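Take a look at the structure set out below.
Throughout, a chain's letter reflects where its sequence line sits, starting with A, and its residues are numbered from 1. Only a predicted model underlies this, so the values are computations on that prediction, with no experimental measurement involved. Heavy atoms only: backbone and side chains are in, while hydrogens, waters and symmetry mates are out.
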Amino acid sequence: MTTPSTEALSSTLVSVRGLRFSHGTRVIYDGVDLDIPRGKITAIMGPSGTGKTTLLRLIGGQWQPGAGTVTFDGIDVHKQSRRQLFEMRKRMGMLFQNGALLTDLTVFDNVAFPLREHTKLPESMIRDLVLMKLNAVGLRGARDLYPEELSGGMSRRVALARAISLDPQLVMYDEPFTGQDPISMGVLMRLIRALNDALGLTSIVVSHDVNEVLSISDYAYVISGGKVLGKGSADAVRANQSEWVQQFLQGEPDGPVPFHYKALPYAEDLLGAKS
Amino acid sequence: MIGVLGNYLQGIGRALFFLFTIIAAIPSALVRPRLMAQQLYSVGVLSLVIVVLSGSFIGMVLALQFYRTLQVFGAGDSLGVAIALSVVREFGPVVTALLFAGRAGSALAAEIGLMKATDQLSGMEMMAVDPVKRVIAPRFLAGLISMPLLSFIFTVMAIGVAGGHAIGVSLLGVDAGSYWAGIHEVLHGDDIRDALIKTLVFGAACSWIAVYQGYHAAPTSAGVARATTNTVVISSLAVLALDFILTAFMF
(Lines give C-alpha, C1' and ligand atoms only; values in the text may rest on other atoms or scores of the structure.)
Protein backbone atom coordinates (compact mmCIF):
# COMPACT_ATOMS: atom_id res chain seq x y z
CA MET A 1 0.00 0.00 0.00
CA THR A 2 2.96 2.36 -0.38
CA THR A 3 1.82 3.72 -3.73
CA PRO A 4 -1.92 4.29 -3.75
CA SER A 5 -3.67 3.82 -7.05
CA THR A 6 -5.05 6.92 -8.74
CA GLU A 7 -8.53 5.89 -7.75
CA ALA A 8 -7.52 5.64 -4.11
CA LEU A 9 -5.85 9.03 -4.38
CA SER A 10 -8.95 10.83 -5.54
CA SER A 11 -11.15 9.25 -2.91
CA THR A 12 -8.71 10.13 -0.15
CA LEU A 13 -9.06 13.54 1.44
CA VAL A 14 -6.24 13.36 3.95
CA SER A 15 -3.25 11.17 3.51
CA VAL A 16 -0.43 10.72 5.97
CA ARG A 17 2.84 9.09 4.88
CA GLY A 18 5.79 8.01 7.01
CA LEU A 19 4.87 10.39 9.79
CA ARG A 20 7.39 10.81 12.57
CA PHE A 21 6.94 13.14 15.50
CA SER A 22 8.60 13.42 18.88
CA HIS A 23 7.87 15.55 21.87
CA GLY A 24 11.23 16.24 23.44
CA THR A 25 12.82 12.83 23.69
CA ARG A 26 9.50 10.95 23.67
CA VAL A 27 8.74 9.46 20.26
CA ILE A 28 5.02 9.81 19.56
CA TYR A 29 4.83 8.71 15.94
CA ASP A 30 7.34 6.39 14.41
CA GLY A 31 6.43 6.01 10.77
CA VAL A 32 2.66 6.15 10.48
CA ASP A 33 0.66 5.87 7.23
CA LEU A 34 -3.01 6.81 7.24
CA ASP A 35 -5.64 7.47 4.60
CA ILE A 36 -8.80 9.33 5.43
CA PRO A 37 -11.42 8.51 2.79
CA ARG A 38 -13.57 11.32 1.48
CA GLY A 39 -17.16 11.49 2.69
CA LYS A 40 -16.67 8.85 5.39
CA ILE A 41 -16.21 8.82 9.12
CA THR A 42 -12.83 7.49 10.12
CA ALA A 43 -12.10 6.59 13.71
CA ILE A 44 -8.62 6.88 15.17
CA MET A 45 -8.44 4.82 18.34
CA GLY A 46 -5.69 4.20 20.81
CA PRO A 47 -4.91 4.35 24.50
CA SER A 48 -4.51 7.69 26.28
CA GLY A 49 -1.16 9.27 25.71
CA THR A 50 -0.61 7.85 22.23
CA GLY A 51 -0.83 11.33 20.75
CA LYS A 52 -4.17 11.09 19.01
CA THR A 53 -4.71 14.79 19.55
CA THR A 54 -1.21 15.37 18.22
CA LEU A 55 -2.28 13.75 14.98
CA LEU A 56 -5.13 16.23 14.56
CA ARG A 57 -2.79 19.13 15.26
CA LEU A 58 -0.38 17.76 12.66
CA ILE A 59 -3.16 17.48 10.09
CA GLY A 60 -4.28 21.01 10.91
CA GLY A 61 -0.73 22.26 10.44
CA GLN A 62 -0.39 23.59 13.98
CA TRP A 63 2.64 21.43 14.63
CA GLN A 64 5.45 20.35 12.32
CA PRO A 65 6.27 16.65 11.95
CA GLY A 66 9.85 15.44 12.37
CA ALA A 67 9.57 13.59 9.07
CA GLY A 68 6.90 12.42 6.64
CA THR A 69 4.12 14.24 4.87
CA VAL A 70 0.49 15.10 5.50
CA THR A 71 -1.57 16.03 2.47
CA PHE A 72 -5.02 17.56 2.60
CA ASP A 73 -6.94 17.41 -0.67
CA GLY A 74 -3.67 16.93 -2.53
CA ILE A 75 -1.90 19.84 -0.78
CA ASP A 76 1.13 19.23 1.42
CA VAL A 77 0.01 20.79 4.71
CA HIS A 78 3.48 21.51 6.01
CA LYS A 79 4.83 23.14 2.85
CA GLN A 80 2.32 26.00 2.89
CA SER A 81 2.96 29.61 3.74
CA ARG A 82 1.07 30.93 6.74
CA ARG A 83 -1.47 32.59 4.49
CA GLN A 84 -2.04 29.42 2.46
CA LEU A 85 -2.28 27.40 5.64
CA PHE A 86 -4.97 29.73 6.97
CA GLU A 87 -6.83 29.47 3.66
CA MET A 88 -6.68 25.69 3.98
CA ARG A 89 -7.92 25.76 7.57
CA LYS A 90 -11.08 27.52 6.45
CA ARG A 91 -11.91 24.19 4.82
CA MET A 92 -11.32 22.30 8.07
CA GLY A 93 -13.31 22.35 11.26
CA MET A 94 -11.95 21.09 14.53
CA LEU A 95 -13.82 20.19 17.66
CA PHE A 96 -11.59 20.45 20.69
CA GLN A 97 -12.08 18.18 23.64
CA ASN A 98 -13.43 20.92 25.90
CA GLY A 99 -15.12 22.82 23.09
CA ALA A 100 -12.64 25.71 23.20
CA LEU A 101 -15.49 28.21 23.00
CA LEU A 102 -14.52 31.84 23.42
CA THR A 103 -15.63 32.53 26.97
CA ASP A 104 -16.30 36.24 26.48
CA LEU A 105 -18.80 35.67 23.64
CA THR A 106 -22.32 34.29 23.68
CA VAL A 107 -23.25 31.04 21.96
CA PHE A 108 -24.56 33.04 19.03
CA ASP A 109 -21.41 35.13 18.71
CA ASN A 110 -19.22 32.05 19.04
CA VAL A 111 -20.92 30.41 16.07
CA ALA A 112 -20.89 33.70 14.18
CA PHE A 113 -17.20 34.22 14.93
CA PRO A 114 -15.71 32.43 11.88
CA LEU A 115 -18.35 33.99 9.61
CA ARG A 116 -17.64 37.50 10.86
CA GLU A 117 -13.90 36.99 10.64
CA HIS A 118 -13.82 35.47 7.18
CA THR A 119 -16.83 36.70 5.26
CA LYS A 120 -18.32 40.08 4.52
CA LEU A 121 -21.87 38.81 4.76
CA PRO A 122 -24.50 41.26 6.04
CA GLU A 123 -25.52 40.76 9.65
CA SER A 124 -29.00 39.56 8.70
CA MET A 125 -27.55 36.73 6.65
CA ILE A 126 -25.06 35.83 9.39
CA ARG A 127 -28.00 35.64 11.77
CA ASP A 128 -29.82 33.20 9.51
CA LEU A 129 -26.73 31.05 9.00
CA VAL A 130 -25.95 30.93 12.71
CA LEU A 131 -29.53 30.00 13.59
CA MET A 132 -29.44 27.25 10.96
CA LYS A 133 -26.23 25.80 12.37
CA LEU A 134 -27.52 26.07 15.92
CA ASN A 135 -30.77 24.44 14.88
CA ALA A 136 -28.82 21.54 13.41
CA VAL A 137 -27.29 20.83 16.82
CA GLY A 138 -30.56 21.53 18.63
CA LEU A 139 -29.39 24.63 20.49
CA ARG A 140 -31.17 27.44 18.69
CA GLY A 141 -32.83 28.32 21.99
CA ALA A 142 -29.49 28.64 23.78
CA ARG A 143 -28.16 31.40 21.55
CA ASP A 144 -27.97 34.04 24.27
CA LEU A 145 -26.21 31.92 26.86
CA TYR A 146 -22.54 32.28 27.70
CA PRO A 147 -20.23 29.24 27.56
CA GLU A 148 -20.01 28.99 31.36
CA GLU A 149 -23.79 28.45 31.45
CA LEU A 150 -23.60 25.37 29.23
CA SER A 151 -23.16 21.75 30.21
CA GLY A 152 -20.19 19.85 28.77
CA GLY A 153 -22.31 18.17 26.11
CA MET A 154 -23.94 21.45 25.11
CA SER A 155 -20.54 23.16 24.81
CA ARG A 156 -19.44 20.47 22.42
CA ARG A 157 -22.57 20.86 20.35
CA VAL A 158 -22.03 24.62 20.14
CA ALA A 159 -18.42 24.00 19.19
CA LEU A 160 -19.68 21.61 16.54
CA ALA A 161 -22.05 24.25 15.17
CA ARG A 162 -19.11 26.64 15.06
CA ALA A 163 -16.86 24.07 13.40
CA ILE A 164 -19.33 23.65 10.54
CA SER A 165 -20.24 27.32 10.21
CA LEU A 166 -17.95 27.84 7.22
CA ASP A 167 -19.17 24.58 5.61
CA PRO A 168 -15.81 22.82 5.79
CA GLN A 169 -14.83 19.66 3.90
CA LEU A 170 -13.24 18.03 6.91
CA VAL A 171 -14.29 17.99 10.56
CA MET A 172 -11.93 16.62 13.18
CA TYR A 173 -13.33 15.53 16.52
CA ASP A 174 -10.98 15.30 19.47
CA GLU A 175 -12.37 12.86 22.05
CA PRO A 176 -15.98 13.98 21.55
CA PHE A 177 -17.44 11.43 23.97
CA THR A 178 -15.15 11.81 26.97
CA GLY A 179 -17.02 12.56 30.17
CA GLN A 180 -20.49 12.61 28.59
CA ASP A 181 -23.59 11.11 30.11
CA PRO A 182 -25.37 8.43 28.01
CA ILE A 183 -27.94 10.85 26.58
CA SER A 184 -25.52 13.52 25.43
CA MET A 185 -23.20 10.76 24.19
CA GLY A 186 -26.06 9.43 22.07
CA VAL A 187 -26.87 12.93 20.84
CA LEU A 188 -23.28 13.56 19.82
CA MET A 189 -23.00 10.20 18.06
CA ARG A 190 -26.13 10.85 16.08
CA LEU A 191 -25.03 14.38 15.24
CA ILE A 192 -21.63 13.31 13.97
CA ARG A 193 -23.16 10.71 11.70
CA ALA A 194 -26.06 12.89 10.55
CA LEU A 195 -23.94 15.96 9.82
CA ASN A 196 -21.36 13.90 7.99
CA ASP A 197 -23.99 12.45 5.67
CA ALA A 198 -26.22 15.51 5.31
CA LEU A 199 -23.44 18.01 4.63
CA GLY A 200 -21.20 15.64 2.69
CA LEU A 201 -18.37 16.10 5.17
CA THR A 202 -15.40 13.94 5.87
CA SER A 203 -14.96 13.25 9.56
CA ILE A 204 -12.07 12.09 11.68
CA VAL A 205 -13.06 11.00 15.17
CA VAL A 206 -10.28 10.51 17.66
CA SER A 207 -11.49 8.52 20.63
CA HIS A 208 -10.88 5.69 23.01
CA ASP A 209 -14.56 4.98 23.53
CA VAL A 210 -14.29 1.91 21.34
CA ASN A 211 -17.88 0.78 21.02
CA GLU A 212 -19.36 4.22 20.53
CA VAL A 213 -16.91 5.30 17.91
CA LEU A 214 -16.93 2.00 16.02
CA SER A 215 -20.71 2.06 15.85
CA ILE A 216 -20.73 5.30 13.84
CA SER A 217 -17.55 5.05 11.80
CA ASP A 218 -16.93 3.56 8.38
CA TYR A 219 -13.22 3.00 8.84
CA ALA A 220 -11.01 2.70 11.85
CA TYR A 221 -7.36 2.82 12.74
CA VAL A 222 -5.90 1.54 15.98
CA ILE A 223 -2.70 3.31 16.97
CA SER A 224 -0.34 2.62 19.81
CA GLY A 225 3.30 3.14 20.55
CA GLY A 226 3.69 5.35 17.50
CA LYS A 227 2.54 2.67 15.04
CA VAL A 228 -0.65 1.64 13.32
CA LEU A 229 -1.60 -1.73 14.84
CA GLY A 230 -4.88 -2.34 13.07
CA LYS A 231 -6.97 -0.78 10.35
CA GLY A 232 -9.91 -1.40 8.08
CA SER A 233 -13.67 -1.19 8.21
CA ALA A 234 -15.25 -1.13 11.64
CA ASP A 235 -16.06 -4.86 11.38
CA ALA A 236 -12.59 -5.73 10.15
CA VAL A 237 -11.08 -3.96 13.13
CA ARG A 238 -13.44 -5.75 15.50
CA ALA A 239 -12.33 -9.06 13.97
CA ASN A 240 -8.65 -8.15 14.05
CA GLN A 241 -6.60 -11.10 15.27
CA SER A 242 -3.86 -9.10 16.93
CA GLU A 243 -3.72 -9.82 20.63
CA TRP A 244 -3.00 -6.20 21.36
CA VAL A 245 -5.99 -4.92 19.37
CA GLN A 246 -8.25 -7.44 21.07
CA GLN A 247 -7.04 -6.40 24.51
CA PHE A 248 -7.73 -2.78 23.61
CA LEU A 249 -11.16 -3.46 22.15
CA GLN A 250 -12.25 -5.71 25.00
CA GLY A 251 -10.72 -3.51 27.64
CA GLU A 252 -8.91 -6.36 29.38
CA PRO A 253 -6.70 -5.24 32.23
CA ASP A 254 -3.72 -7.46 31.42
CA GLY A 255 -2.23 -8.69 28.17
CA PRO A 256 0.29 -7.35 25.69
CA VAL A 257 -0.19 -4.03 27.53
CA PRO A 258 0.85 -5.10 31.02
CA PHE A 259 -1.16 -4.13 34.08
CA HIS A 260 2.02 -3.28 35.95
CA TYR A 261 4.18 -0.34 35.10
CA LYS A 262 7.77 -1.44 34.47
CA ALA A 263 9.22 -2.38 37.88
CA LEU A 264 11.52 -4.77 39.73
CA PRO A 265 10.07 -8.24 40.45
CA TYR A 266 7.60 -7.92 43.29
CA ALA A 267 9.33 -10.23 45.78
CA GLU A 268 12.68 -8.64 45.17
CA ASP A 269 11.18 -5.19 45.65
CA LEU A 270 9.55 -6.10 48.96
CA LEU A 271 12.36 -8.16 50.43
CA GLY A 272 15.31 -6.46 48.86
CA ALA A 273 17.55 -4.04 50.63
CA LYS A 274 16.84 -0.37 50.37
CA SER A 275 18.30 0.89 47.14
CA MET B 1 26.32 28.44 33.76
CA ILE B 2 26.53 28.57 29.98
CA GLY B 3 23.29 26.60 29.84
CA VAL B 4 21.51 29.10 32.07
CA LEU B 5 22.87 32.00 30.02
CA GLY B 6 21.78 30.23 26.85
CA ASN B 7 18.28 29.83 28.24
CA TYR B 8 18.10 33.52 29.09
CA LEU B 9 19.29 34.56 25.65
CA GLN B 10 16.81 32.18 24.06
CA GLY B 11 14.02 33.65 26.18
CA ILE B 12 14.99 37.20 25.23
CA GLY B 13 15.15 36.23 21.58
CA ARG B 14 11.72 34.65 21.73
CA ALA B 15 10.27 37.66 23.51
CA LEU B 16 11.79 40.05 20.95
CA PHE B 17 10.49 37.98 18.08
CA PHE B 18 7.08 38.00 19.74
CA LEU B 19 7.25 41.80 20.05
CA PHE B 20 7.93 42.13 16.31
CA THR B 21 5.01 39.84 15.56
CA ILE B 22 2.78 42.02 17.72
CA ILE B 23 3.98 45.21 16.08
CA ALA B 24 3.32 43.71 12.67
CA ALA B 25 -0.21 42.87 13.83
CA ILE B 26 -1.00 46.35 15.19
CA PRO B 27 -2.47 47.71 11.93
CA SER B 28 -5.09 44.96 11.91
CA ALA B 29 -5.97 45.84 15.52
CA LEU B 30 -6.41 49.49 14.61
CA VAL B 31 -9.12 48.72 12.06
CA ARG B 32 -11.19 46.95 14.72
CA PRO B 33 -12.52 49.86 16.81
CA ARG B 34 -14.99 47.74 18.77
CA LEU B 35 -12.32 45.30 19.81
CA MET B 36 -10.04 48.16 20.81
CA ALA B 37 -12.78 49.87 22.79
CA GLN B 38 -13.38 46.67 24.77
CA GLN B 39 -9.71 46.36 25.60
CA LEU B 40 -9.27 50.03 26.45
CA TYR B 41 -12.15 49.57 28.84
CA SER B 42 -10.79 46.49 30.61
CA VAL B 43 -7.16 47.64 30.63
CA GLY B 44 -7.62 51.38 31.12
CA VAL B 45 -11.00 52.27 32.55
CA LEU B 46 -10.98 49.46 35.08
CA SER B 47 -7.59 50.67 36.35
CA LEU B 48 -8.96 54.15 37.01
CA VAL B 49 -10.08 53.67 40.60
CA ILE B 50 -6.76 52.36 41.85
CA VAL B 51 -4.86 55.06 39.97
CA VAL B 52 -7.06 57.90 41.23
CA LEU B 53 -6.89 56.73 44.83
CA SER B 54 -3.15 56.08 44.76
CA GLY B 55 -2.49 59.45 43.15
CA SER B 56 -4.47 61.21 45.85
CA PHE B 57 -2.72 59.42 48.70
CA ILE B 58 0.74 59.91 47.26
CA GLY B 59 0.01 63.63 46.80
CA MET B 60 -1.19 63.90 50.38
CA VAL B 61 1.83 62.11 51.80
CA LEU B 62 4.23 64.20 49.70
CA ALA B 63 2.55 67.38 50.93
CA LEU B 64 3.05 66.36 54.56
CA GLN B 65 6.64 65.25 54.06
CA PHE B 66 7.78 68.16 51.92
CA TYR B 67 6.07 70.76 54.08
CA ARG B 68 7.90 69.61 57.18
CA THR B 69 11.27 69.77 55.47
CA LEU B 70 10.58 72.99 53.59
CA GLN B 71 9.37 74.71 56.78
CA VAL B 72 12.80 74.14 58.31
CA PHE B 73 14.24 76.41 55.65
CA GLY B 74 11.28 78.74 55.71
CA ALA B 75 10.34 77.73 52.19
CA GLY B 76 6.83 76.42 52.84
CA ASP B 77 5.53 78.38 49.88
CA SER B 78 7.56 76.21 47.49
CA LEU B 79 5.44 73.20 48.40
CA GLY B 80 3.67 73.22 45.04
CA VAL B 81 6.93 73.16 43.11
CA ALA B 82 8.38 70.32 45.15
CA ILE B 83 5.27 68.18 44.74
CA ALA B 84 4.79 69.00 41.08
CA LEU B 85 8.35 68.23 40.03
CA SER B 86 8.61 64.97 41.94
CA VAL B 87 5.20 63.79 40.75
CA VAL B 88 5.55 64.78 37.11
CA ARG B 89 9.09 63.47 36.76
CA GLU B 90 9.03 60.37 38.93
CA PHE B 91 5.99 59.38 40.92
CA GLY B 92 3.46 59.79 38.14
CA PRO B 93 5.10 57.55 35.55
CA VAL B 94 6.71 55.04 37.94
CA VAL B 95 3.93 54.48 40.44
CA THR B 96 1.30 54.35 37.69
CA ALA B 97 3.38 51.76 35.86
CA LEU B 98 3.76 49.66 39.02
CA LEU B 99 0.01 49.85 39.66
CA PHE B 100 -0.65 49.11 36.01
CA ALA B 101 1.52 45.98 36.18
CA GLY B 102 -0.29 44.82 39.28
CA ARG B 103 -3.80 45.60 38.14
CA ALA B 104 -3.90 45.34 34.34
CA GLY B 105 -0.73 43.35 33.53
CA SER B 106 -1.60 40.48 35.84
CA ALA B 107 -5.15 40.38 34.48
CA LEU B 108 -3.89 40.33 30.90
CA ALA B 109 -1.44 37.53 31.59
CA ALA B 110 -4.02 35.45 33.44
CA GLU B 111 -6.68 35.98 30.79
CA ILE B 112 -4.41 35.07 27.89
CA GLY B 113 -2.88 32.17 29.81
CA LEU B 114 -6.33 30.76 30.54
CA MET B 115 -7.38 31.21 26.93
CA LYS B 116 -4.35 29.17 26.01
CA ALA B 117 -5.00 26.52 28.66
CA THR B 118 -8.58 26.08 27.46
CA ASP B 119 -7.52 25.76 23.80
CA GLN B 120 -9.23 29.02 22.84
CA LEU B 121 -6.07 30.24 21.14
CA SER B 122 -5.50 26.95 19.26
CA GLY B 123 -9.18 26.96 18.43
CA MET B 124 -8.81 30.37 16.81
CA GLU B 125 -5.80 29.21 14.87
CA MET B 126 -7.77 26.24 13.59
CA MET B 127 -10.52 28.64 12.53
CA ALA B 128 -7.85 30.43 10.49
CA VAL B 129 -7.91 33.43 12.83
CA ASP B 130 -4.52 34.65 13.98
CA PRO B 131 -4.65 34.97 17.79
CA VAL B 132 -1.83 37.51 17.74
CA LYS B 133 -3.98 39.78 15.59
CA ARG B 134 -7.28 39.06 17.30
CA VAL B 135 -6.23 38.72 20.95
CA ILE B 136 -2.71 39.93 21.59
CA ALA B 137 -2.26 43.07 19.49
CA PRO B 138 -5.43 44.84 20.71
CA ARG B 139 -4.46 44.19 24.32
CA PHE B 140 -0.90 45.35 23.80
CA LEU B 141 -2.08 48.49 22.05
CA ALA B 142 -4.67 49.20 24.73
CA GLY B 143 -1.93 49.02 27.36
CA LEU B 144 0.27 51.34 25.35
CA ILE B 145 -2.50 53.92 25.02
CA SER B 146 -3.83 53.60 28.57
CA MET B 147 -0.53 54.08 30.39
CA PRO B 148 0.09 57.76 29.49
CA LEU B 149 -3.55 58.63 30.16
CA LEU B 150 -3.56 56.87 33.52
CA SER B 151 -0.28 58.51 34.43
CA PHE B 152 -1.73 61.90 33.51
CA ILE B 153 -4.73 61.30 35.75
CA PHE B 154 -2.46 60.12 38.56
CA THR B 155 -0.39 63.28 38.26
CA VAL B 156 -3.38 65.58 38.25
CA MET B 157 -4.83 63.85 41.30
CA ALA B 158 -1.53 63.96 43.20
CA ILE B 159 -0.74 67.61 42.54
CA GLY B 160 -4.14 69.15 42.35
CA VAL B 161 -7.53 67.83 43.06
CA ALA B 162 -7.39 65.69 46.17
CA GLY B 163 -3.69 65.23 46.89
CA GLY B 164 -1.05 67.89 47.50
CA HIS B 165 -3.44 70.77 47.05
CA ALA B 166 -5.96 69.43 49.54
CA ILE B 167 -3.37 68.89 52.25
CA GLY B 168 -1.02 71.79 51.47
CA VAL B 169 -3.55 74.54 50.87
CA SER B 170 -6.61 73.47 52.85
CA LEU B 171 -4.94 71.82 55.82
CA LEU B 172 -1.43 73.28 56.19
CA GLY B 173 -2.42 76.75 55.09
CA VAL B 174 -0.06 77.28 52.15
CA ASP B 175 -1.29 80.14 49.98
CA ALA B 176 -3.15 78.77 46.96
CA GLY B 177 -1.70 81.48 44.72
CA SER B 178 1.91 80.71 45.54
CA TYR B 179 1.18 76.95 45.32
CA TRP B 180 0.08 77.26 41.70
CA ALA B 181 2.35 80.14 40.70
CA GLY B 182 5.43 78.16 41.75
CA ILE B 183 4.33 75.21 39.66
CA HIS B 184 3.59 77.45 36.72
CA GLU B 185 7.01 79.03 36.90
CA VAL B 186 9.19 75.96 37.39
CA LEU B 187 7.44 73.19 35.51
CA HIS B 188 8.48 73.26 31.85
CA GLY B 189 7.41 71.55 28.68
CA ASP B 190 10.60 69.47 28.86
CA ASP B 191 9.44 67.88 32.10
CA ILE B 192 6.14 66.92 30.56
CA ARG B 193 7.77 65.59 27.41
CA ASP B 194 10.18 63.47 29.50
CA ALA B 195 7.29 62.17 31.57
CA LEU B 196 5.41 61.25 28.42
CA ILE B 197 8.41 59.35 27.08
CA LYS B 198 8.70 57.49 30.37
CA THR B 199 5.05 56.48 30.44
CA LEU B 200 5.17 55.29 26.83
CA VAL B 201 8.25 53.18 27.51
CA PHE B 202 6.76 51.77 30.72
CA GLY B 203 3.45 51.11 29.02
CA ALA B 204 5.14 49.22 26.19
CA ALA B 205 7.31 47.23 28.62
CA CYS B 206 4.47 46.27 30.96
CA SER B 207 2.08 45.32 28.16
CA TRP B 208 4.75 43.39 26.30
CA ILE B 209 5.75 41.43 29.41
CA ALA B 210 2.12 40.68 30.28
CA VAL B 211 1.05 39.41 26.85
CA TYR B 212 4.29 37.48 26.41
CA GLN B 213 3.94 35.77 29.78
CA GLY B 214 0.31 34.91 29.10
CA TYR B 215 0.89 33.68 25.57
CA HIS B 216 3.83 31.49 26.58
CA ALA B 217 2.34 30.23 29.84
CA ALA B 218 2.34 26.49 30.42
CA PRO B 219 -1.27 25.46 29.74
CA THR B 220 -1.98 24.35 33.32
CA SER B 221 -3.27 26.11 36.43
CA ALA B 222 0.26 26.20 37.85
CA GLY B 223 1.50 27.62 34.56
CA VAL B 224 -1.05 30.42 34.54
CA ALA B 225 -0.26 31.22 38.18
CA ARG B 226 3.43 31.42 37.35
CA ALA B 227 2.77 33.64 34.34
CA THR B 228 0.75 36.05 36.48
CA THR B 229 3.42 36.24 39.18
CA ASN B 230 6.20 36.61 36.62
CA THR B 231 4.33 39.43 34.95
CA VAL B 232 4.12 41.49 38.12
CA VAL B 233 7.66 40.74 39.29
CA ILE B 234 9.38 41.24 35.94
CA SER B 235 7.31 44.31 35.05
CA SER B 236 8.04 45.99 38.39
CA LEU B 237 11.76 45.38 38.12
CA ALA B 238 11.78 46.42 34.47
CA VAL B 239 9.95 49.66 35.26
CA LEU B 240 12.38 50.58 38.04
CA ALA B 241 15.44 49.70 35.97
CA LEU B 242 14.15 51.51 32.89
CA ASP B 243 13.31 54.51 35.04
CA PHE B 244 16.90 54.71 36.20
CA ILE B 245 18.21 54.48 32.65
CA LEU B 246 15.77 57.04 31.28
CA THR B 247 16.33 59.45 34.18
CA ALA B 248 20.08 59.21 33.70
CA PHE B 249 19.69 60.14 30.04
CA MET B 250 17.26 62.98 30.77
CA PHE B 251 19.28 64.39 33.66
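Across A/Met172, A/Lys90, A/Arg89, the residue that shares the most heavy-atom pairs under 4.5 angstrom with chain B is A/Arg89. Chain B forms more heavy-atom pairs under 4.5 Å with one residue of A/Leu102, A/Leu95, A/Leu166 than with any other, namely A/Leu102.
With a 4.5 Å cut-off on non-hydrogen atoms, A/Leu101 touches chain B through its backbone but not through its side chain. Using a 4.5 Å cut-off between heavy atoms, A/Thr103 touches chain B through backbone and side chain atoms alike. For A/Met94, the part sitting under 4.5 Å from any heavy atom of chain B is the side chain, from C-beta outward, and nothing else.
Two rings, from B/Phe18 and B/His216, have their centers less than 6.0 Å apart. Ring centroids of A/Trp63 and A/His23 are separated by less than 6.0 Å, placing the two rings close together.
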Practice problem: Show your reasoning for whether salt bridge (Lys or Arg N to Asp or Glu O under 4.0 Å) applies to A/Arg143 and A/Asp109. | Solution: CA-CA 8 Å; A/Arg143 71 185 94 155; A/Asp109 289 334; over 6 Å; no
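Taking 4.0 Å as the cut-off between side-chain N and carboxylate O, A/Arg91 and A/Asp167 do not count as a salt-bridged pair.
In summary, the side chains of A/Thr69 and A/Asp76 do not present any donor paired with an acceptor at a separation below 3.5 Å, with no hydrogens or angles considered.
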